[in-house]
Each structure stands twice: as structure tokens, then as C-alpha cells.
There are 4 protein chains.
Amino acid sequence: MTGPASSPATSAGTRAERRREQVRREILEAAFECFAEQGYHHTGIADIAARLGMGHGTFYRYFANKRDIVDHVITDVIDRILQALSAENAAGAAATLADYEAQSERIGRALARILGEDPRLARLLLFDAPAVDDALRERVLDFLETAVTLTGGYLSHGIAAGYLRADLDVEATARGINGMILGTVIAAQRDPAAASQERMSRAVRRLMYDGIAARG
Amino acid sequence: MTGPASSPATSAGTRAERRREQVRREILEAAFECFAEQGYHHTGIADIAARLGMGHGTFYRYFANKRDIVDHVITDVIDRILQALSAENAAGAAATLADYEAQSERIGRALARILGEDPRLARLLLFDAPAVDDALRERVLDFLETAVTLTGGYLSHGIAAGYLRADLDVEATARGINGMILGTVIAAQRDPAAASQERMSRAVRRLMYDGIAARG
Amino acid sequence: MTGPASSPATSAGTRAERRREQVRREILEAAFECFAEQGYHHTGIADIAARLGMGHGTFYRYFANKRDIVDHVITDVIDRILQALSAENAAGAAATLADYEAQSERIGRALARILGEDPRLARLLLFDAPAVDDALRERVLDFLETAVTLTGGYLSHGIAAGYLRADLDVEATARGINGMILGTVIAAQRDPAAASQERMSRAVRRLMYDGIAARG
Amino acid sequence: MTGPASSPATSAGTRAERRREQVRREILEAAFECFAEQGYHHTGIADIAARLGMGHGTFYRYFANKRDIVDHVITDVIDRILQALSAENAAGAAATLADYEAQSERIGRALARILGEDPRLARLLLFDAPAVDDALRERVLDFLETAVTLTGGYLSHGIAAGYLRADLDVEATARGINGMILGTVIAAQRDPAAASQERMSRAVRRLMYDGIAARG
DNA sequence: CATGAATGAGCCTTCATTCAT
DNA sequence: TATGAATGAAGGCTCATTCAT
């Protein structure tokens, strides 16, 4: 229910191939749960197999090794987040500031839904994956960078459309905005109350549009 | 009588005690380096000892076990950051918005100095420590929460002093601001160029005071 | 269908279960030998595994740890001795002094057989197990106490049947008798010659029935 | 108070030598206590030194190594027991059965005093020393054999004097008698109540002189 | 294809012993 | 002579991975 589940094409191929694909996804799901709940290093292959009631030797028929599966799990997590984002994006659709605000709101909600619904997602991505090894840490950083690029794209579009300040340092501002989202996500690790997401969303919007200074 | 009076008493106590304290710090430092470079789980006690050219048994004369030292290392990292913050704080000293901006600027610089100077600090704190175990992840979250409280204190003071909007959601806003700092710190993992810090600082300030919207 | 029906079902269960039980017993046996020959503390898990030509990791598939197996080994030793005793017991069957003597004789022979046959049994139980830790020493003392209780039972029966002195201090006398057996067993550590057992048996019988004093 | 303390010649030699000898004895005493309370293998050199408040390096100025001191401790224990025995022996003094009984009684009391007073003595000798290594186990067996020889000497004397049965198997009977003493000593490990010693003494005497059979 | 028994590299930790001070 | 810091051999235990069934 809450684990990773992407690739819409569940079909394709022989019945055996479909079966194989299904087992793969089950293992992926179980691995996600183990990693997210106990951490990568505290999870044994046997734990993953046990969760599915299968022999742990079977695991190696579907994934090369432990490192391999964590890679796939993280890929899935990232994909799910990116999908949540792109589902509500409509790239450069916002034509006015109001549009932009509404779009930001939708994106925020989508993120809140997916990440708030299952705090293990963020925990795994932010707190476990980077510690696995250099390569995986880089992948997480890449993802964050991608998110910055995405946000930057929206900002650039807004500037072109004239409803955002022309003198914005797009990249730096995008980093700032994404940082606020990151802060929200991390805060949700402690207090996953959805309400908090509402508050955060409002506060961030106020900050971005009104500034924090008192009107002189 | 007891030898030439040299070494300007780095700490108190006997010569032996000072020596002991120095070795302790060396081990702490070596452990920090190992953890930061290879990660906690890929670091063996032997690695730490080898880095100092000492027998690994010696390690256990100074620290109870591997878990013990990572705790001390993280404590040190957090302390260093908090000191960098408190050095420039002057709690509620800012009387005007200009003061506040200046103070924020100083704090930002201090952070940039300590974290930008040695990117391993942030890497260890954010990307390695949380994966060690639940307790350490909680400590890191505690630290972030402390930072939010600190920022919130500044905001509250600013509201009381009248130079910040009275209707700010202090906690949520503080989370947003700290998130931007976090985004900056994480960005520095990739590009530690000090210049980037400058840019980020400016962009964040613009965002906070002017908003991102074009002036209508 | 599932292979030729051979191996006359040493125990119940699947073939795998029988195999597992067999390996368990082999490890138990190897451990017994190692402990008895080199002592508990001088025996490494690797020694036990090496004796069976298996990887030492395999050991841990069958026993939780070193302490666990020594417990099982001692349990086995105690069980073997108790079985030797109970095989010849017939609880309170002896109706006359002659019966009683004959029964004692049989019990003595059974003990001599099992303990004399393999002096390592006694060595392990008396000279190694008590040094493992407090709990195991208590188990050995418990066993000796059980033996005293057993002997006491025979004495009580003999008193009730009228062929033993009514004024015997049952418990104390049982301790004395068991002590003599213990002395015999320990003597066998040095000279395992079966003849010695005969001599001891006779001497003890003489002592118990005739006393050591010259007939005045 | 309760530890090993032999060699009557506390004097002899320089003052420095006497001092040295005193420290040696203190270490021996502390080692006895540690070994008896925690067992040989659970005792570290550091424990012994700590008990005396001295540096553990100092230990090696008085004893070659851990194995060396346990040897001395056991030697001391054995010496103390043998002294307790020889103090009351008067070799072949008993001229009548009554004399012999009285002498046995005295010896029993002496043993009860020294072993009952400090159960750690027996525990160390019987339950720890034999597990140290082959050599020490042999020494303990040697001691038991010596005790048998001693008892055998008394029996031989009694036979020669005519108050003991001429047809006794001296050695075997001596083993039996010593076994009863051993049983008593081991029983005292559980219930060190001195009264029990009285009971045991009486029961053993009854057994040896009257036999256990009812008088027909 | 599924299984789980076997494997051994690897790592933490202890502690007897040495030796410079 | 006393000290305790340093050392590293030794050993218990885990777990990812392989492979025969």
C-alpha cells in the first residue's frame, strides 16, 4: 500500500515473465519496508525474504545483491516523488501569479500527500540512502539537484511571463524554495500531522510573497 | 625539577592528563575523518587506529566502543556548529530590521565558514549519523529542532520589536528559513565554492524581504 | 518418487530434519571431545568446526553460541549418567539386604561402565563445567544433589523394609555413600583400569556392611 | 583473614627483601580472593591489582604471569589443607580404636574448620584449578592422591596395631573414606552451615564402624 | 525455479604482557 | 621500583553470498 510501486506496465511478455515481474516487485516492496523501518545496514537479506515467507536464496534470483536492491528501491522512491511532482506540473502552464500560486499549492499538496502519508519514504531517501555508499549519496544529491532544476524551470517561466521579479537569481532562489520544502519534509519526520503541512504551506507562501518584514 | 616548563597548559591537570586529553582529541579527530570519508559502517576501529599509527587496542583505552565514539564525534560536530551560531548571536540584540539583516548575514557567514570550509562536517551530520541507529537519528533531528527554536527566537524578538510582521507563524516560518539554510548547506556538498554561499545568502535575503513576485 | 527409501529412520521428521538432527549431534559430539580434551576455555568454536571439517559459521546454524553448546553438552553428559542409573534402578524394588546389595552392585557396574569407559565424561562434568560460570557450576552441584536424593531414596526404602538400620541419618549417609562413588570416579581419572572399579566396589561394600573395625 | 597464608618465615633477609615478600603475599592473597570469587578465567590481572590499589604493571615484578600466580595460589591452598591435616596427625600415634576414632574426629574438625570457614578454598581447588590446564589439574589430582596415601597410612597403622580389620584393601578403602570427606566438602558448597559438618561427621563414623545394615 | 545449508571474510572487543618514564 | 599506556594476538559472532538439491 505504502511502499514503492511504479512502472505502469505490469503486463508485457509471457505469463512466466509477468509472474517473475510480480515477485520482483514484491521483493522490492518488502525491501523498501525493511530498509525504511530498520535502516539499510540493520536489514539482512534474510529479513526481506522472511517478510515474504520465501527462502532467502530466492532473493538472489531476482536481484544481484544487497547493494543492487537498495539501488532499485531508491530509484523507485525517487520515481514516485518525481511522478507526484510531474502529475501536477504542466511545466510552464502558469500564466499569472495566481496560476503560479495555485500550481505551487497543488505541487505542495501532492508532495505532502505522498511524503506525509508515509514518512518512511523521506526517512529512507534522506537518512538512510546517503549512508550506503558514495554512489548512492550522489544519486540522492542528484535527485535534489533535479528538484532544484525543476523549481528553477518554474521560476524562469514566471520571469519570462512577467509575474516574477526579473532580477531573481533563479538557481539560488530555487535552492532556497526547495530547502523550505526539505525543511517541511524533515519536520514531518517528527510530527507527521497533516495539519503541520498546511501550516508550513501557508507560512512558506507568506514568506515568499509577502516577505517577513513588517510593512513600513 | 619535573622537567622544563613548556607547553602553555592547553588544559588543566597533570602532564599525563593533558597528554591523555590530547590523544583523546586525536582519536576523535581521526574518527571524524574516517567516518566522514568512508561512512560509519565502512569504518573499522582498525582504520581509526591505523590513521594514527597506533595499535587498535589503544582505541579502547579512550572510548568504550565504536558506538561511543560516533556519539562523541557527532556531539563535537553539533557543538562546533552551535558555537559558530552563538558566537554571532547576541540573542535578541537586533533593534531594527537593518540590525536583524546584518545579524542574519553574520550568522550566515559563520555557518558558511564552518560548514563550507569542511564539507565533511555537514556530510557526517546529515548523511551518515542518521543512519547509525535510531538514537543518533533522533539526536540529529533534535539538533535541527534546536536550530528551529533558535531561529524562532529571533523572529519572535523581531515581532516584539516591531520590525517583523506581527502575523508571522513563528514556528512554521522558522522551519522555512532553516530549510533554506539546509538547502544551502546541502548544495555546498556538491559545489563548496564560497561564492555560492554569497549567492545563496543574497537570494535568501531577497526572497525573505522582497518576495519573489514582481512588484505590481 | 522422492528418492530411495533407505536410512532406517533414526528419528522422526523429514529427511532434512533427520539430517539436521544428525549434524547437531555431530557438533555436540565434537564439542564434547574438544571441551573434554582441551577444556572449555581453550576450545574455540573454530576448533569444534575444524574437527568436523566444516566452516565455523555453520556452527551458529545449530547452536546460539559457545555458552549454549556447553550447556547442551553438559545436559547430555548428565542425562547419560542418569540414564545409566535409572536403567538399573527399579526404584524401591529391593526387598532384602541381599537384593539391595545386588542392586547397588548393578548400579555401580553401570556407572563404572559409562564413566570408566570414557574418563572424559567425568573430567568434563567435574573438572571443566564448574569453571565455566556460576550457572553451570550450580547445574553440576544440582546434579550431585539429585544423586544424593536418589541414594537417599534407596536408603529410606531399605529402612522401611527393615533391612537397613532405622537410625540412619538418611541424607548425611547418602552424601557419604555418594562421596565414595565420587572418590572412585575421580580415582579412575588417573587409573582407568576397570579392575580398580572392582576393587573399589568391593572395598566400599565391605566398608558399608562390615565396617572397618576389627571384630572384637 | 581467610585467604592463603603459609611460609612461617616472614622474616629473613634485608628490610627490602622482607618488604618484597610482604607485597608478594598481598598479591597472592588478592589473587586468591579474585580467583575464588570470579574464577580463574574471569579474573584479570587488573582485577588483582585493583584490589590492592596498585598498578597492574607492578604485578609482573612479583609474578611471571597469570599462570604463575594461580600455581602459587593453589600451592598455598594445598599447603594450608595439608598443614591442617598434619597438625592433628601424629602419624601413627593411635594405639587403640578409640584413639583412632578420636584422631579421625580431630582431623575432621580441622578440615571442617579450614574448609567450612571459607568455602572459597574448596571451590577454587576443586572447581576452578582443574580447568586452568592439564598441569594444574594433575596437581589437584596429585593432592587428592596424597590425601589418599595419608589416609592409607592411618589404615595400615591401624591394621598393624590390630584395631582395624586385617583384610582391608587399604588403598581402596582409603579412597572410599576420602570420597566421603570430599562429598562433605562439596555439600558444604551449598549449605556451609557448620552443623551439617557435625551431622556428616557422625553419619560417616556410624557408616564406617557400624555399617548401614540393620543388626540381625 | 526455489530453497536453505554451508561458508568464511570481516569486524568488534578483550586482556595478558611489555616497556618507557 | 612502580606505573599504566600501548600493544596485538586471539576469538566470538554476523551475514552476504554461493550452490547442491
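Numbered from 1 within each chain, the chains take letters A, B, ... in sequence-line order.
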Once you round it to whole Å, what is the distance between [atom2] of [N] and [atom1] of [X]?
| X | N | atom1 | atom2 | value |
| --- | --- | --- | --- | --- |
| B/Tyr40 | E/dC11 | OH | P | 13 Å |
| B/Phe63 | E/dC12 | CZ | C1' | 16 Å |
| D/Arg24 | F/dA2 | CZ | C1' | 17 Å |
| D/Ile69 | E/dA16 | CD1 | P | 12 Å |
| A/Arg61 | F/dT17 | CZ | C1' | 13 Å |
| A/His41 | F/dA16 | NE2 | P | 10 Å |
| C/Lys66 | E/dT14 | NZ | P | 16 Å |
| A/Arg19 | E/dA2 | CZ | P | 7 Å |

State which residues pass salt bridge (charged side-chain N to carboxylate O under 4.0 Å, His left out) with [X]; sequence neighbours excluded, sorted by chain then number.
| X | result |
| --- | --- |
| D/Arg67 | D/Asp71, D/Asp133 |
| C/Arg51 | C/Glu33, C/Glu37 |
| D/Asp142 | C/Arg190 |

Lys/Arg cation over aromatic C/Phe32: C/Arg120, 6.0 Å, 45° cone:
no
Geometric cation-pi criterion, B/Lys66 with B/Phe59: 6.0 Å, 45°:
no
Is any NZ, NE, NH1 or NH2 atom of the basic residue among B/Asp76 and B/Arg25 found under 4.0 Å from an Asp or Glu carboxylate oxygen of the other?
yes
Applying side chain to side chain donor-acceptor pair (under 3.5 Å), name anything that partners A/Arg61, two or more places apart in sequence or on another chain.
none
Would you mind reporting whether A/Tyr60 and A/Ile45 have side-chain heavy atoms less than 4.5 Å apart?
yes
Dot-bracket, DNA chain F: Watson-Crick or G-U, under 3.5 angstrom, [ ] crossing, | other strand?
.||||||||||||||||||||
From F/dT1, F/dT14, E/dC12, nucleotide with atom closest to C/Tyr60 side chain
F/dT14
To the nearest 0.5 Å, what is the distance between CZ on A/Arg137 and CZ on B/Phe127?
7.5 Å
List in numerical order all residues of residues 42-57 of chain B for which some heavy atom is under 4.0 Å away from an atom belonging to DNA chain F.
B/Met54, B/Gly55, B/His56, B/Gly57
Toward the 5' end of DNA chain E, by each residue's nearest nucleotide, D/Phe59 or B/Arg67:
B/Arg67
